[in-house]
Amino acid sequence: MVKDARYTYTRKHTYRTRSNRVVPVKTPGGRITSHLIEKVASRPKCGDCKCAIAGVPALRPYQYKQKLAKRERTVNRAYGGTRCAKCVRNRIVRAFLEEEKKKVKQVLQGKKKGLAAE
């Protein structure tokens, strides 16, 4: 026996699109209604390497402000909810090395001035 799959869309528009997915459900009264299926949420991604950020839940965009407190939306470190830990570490190391490079350059320039003065 074939399940009767005739039902009407009650929300949004009457087209079968990604945002309007419905599943037919038979009620105890024998009527067929439709349950709207939410879109599957993707994990927040790192802005540099595009990998998923650990510690931040996968939700639809409107749910972050609706359902979560601020401490649940981010990770407690520099570049909290936008960069992954590996990229933050790389940025810190790169900044440190740049500063070291500047200091070495100053020392070498000082030595050259000392030699030129003699």
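Model, not experiment: these values are computed from the prediction.
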task: Answer whether the closest heavy-atom distance between the side chains of R21 and V23 falls below 4.5 Å.
output: no
Passing candidate, salt bridge (Lys or Arg N to Asp or Glu O under 4.0 Å) with D48, options R91, R94, K86: R91
message: How long is the straight-line distance from CG of N20 back to OH of Y15, given to the nearest 0.5 Å?
response: 11.0 Å
query: Roughly how far apart are C84 SG and N90 CG, rounded to 0.5 Å?
result: 8.0 Å
field: Exam field: side chain K45 to backbone R43, donor-acceptor pair closer than 3.5 Å
entry: yes
- prompt: Which value, rounded to the nearest 0.5 Å, describes the distance between I92 atom CD1 and L97 atom CG?
  reply: 12.0 Å
Sequence neighbours excluded and cut-off under 3.5 Å, please list the side-chain donor-acceptor pairs for residues 50-64, or say none.
residue : atom : partner : partner atom : Å
K50     : NZ   : G47     : O            : 3.0
Q63     : OE1  : R60     : N            : 3.0
Y64     : OH   : P57     : O            : 2.6
Y64     : OH   : L59     : N            : 3.4

Interatomic distance, K65 atom NZ to R73 atom CZ [nearest 0.5 angstrom]: 6.5 Å
- prompt: Can you tell me how far the CD1 atom of I37 sits from the CZ atom of R18, to the nearest 0.5 Å?
  reply: 15.0 Å
message: Run N76 and R71 through side chain to side chain contact (heavy atoms under 4.5 Å, CB included) and show every step you take.
response: CA-CA 8 Å; N76 194 12; R71 65 181 180 77; over 6 Å; no
message: For E100, is the CD atom crowded, meaning more than 12 foreign heavy atoms sit under 6.0 Å from it?
response: yes
field: Cluster overlap V104 with V107, hydrophobic side-chain contacts below 4.5 Å
entry: no
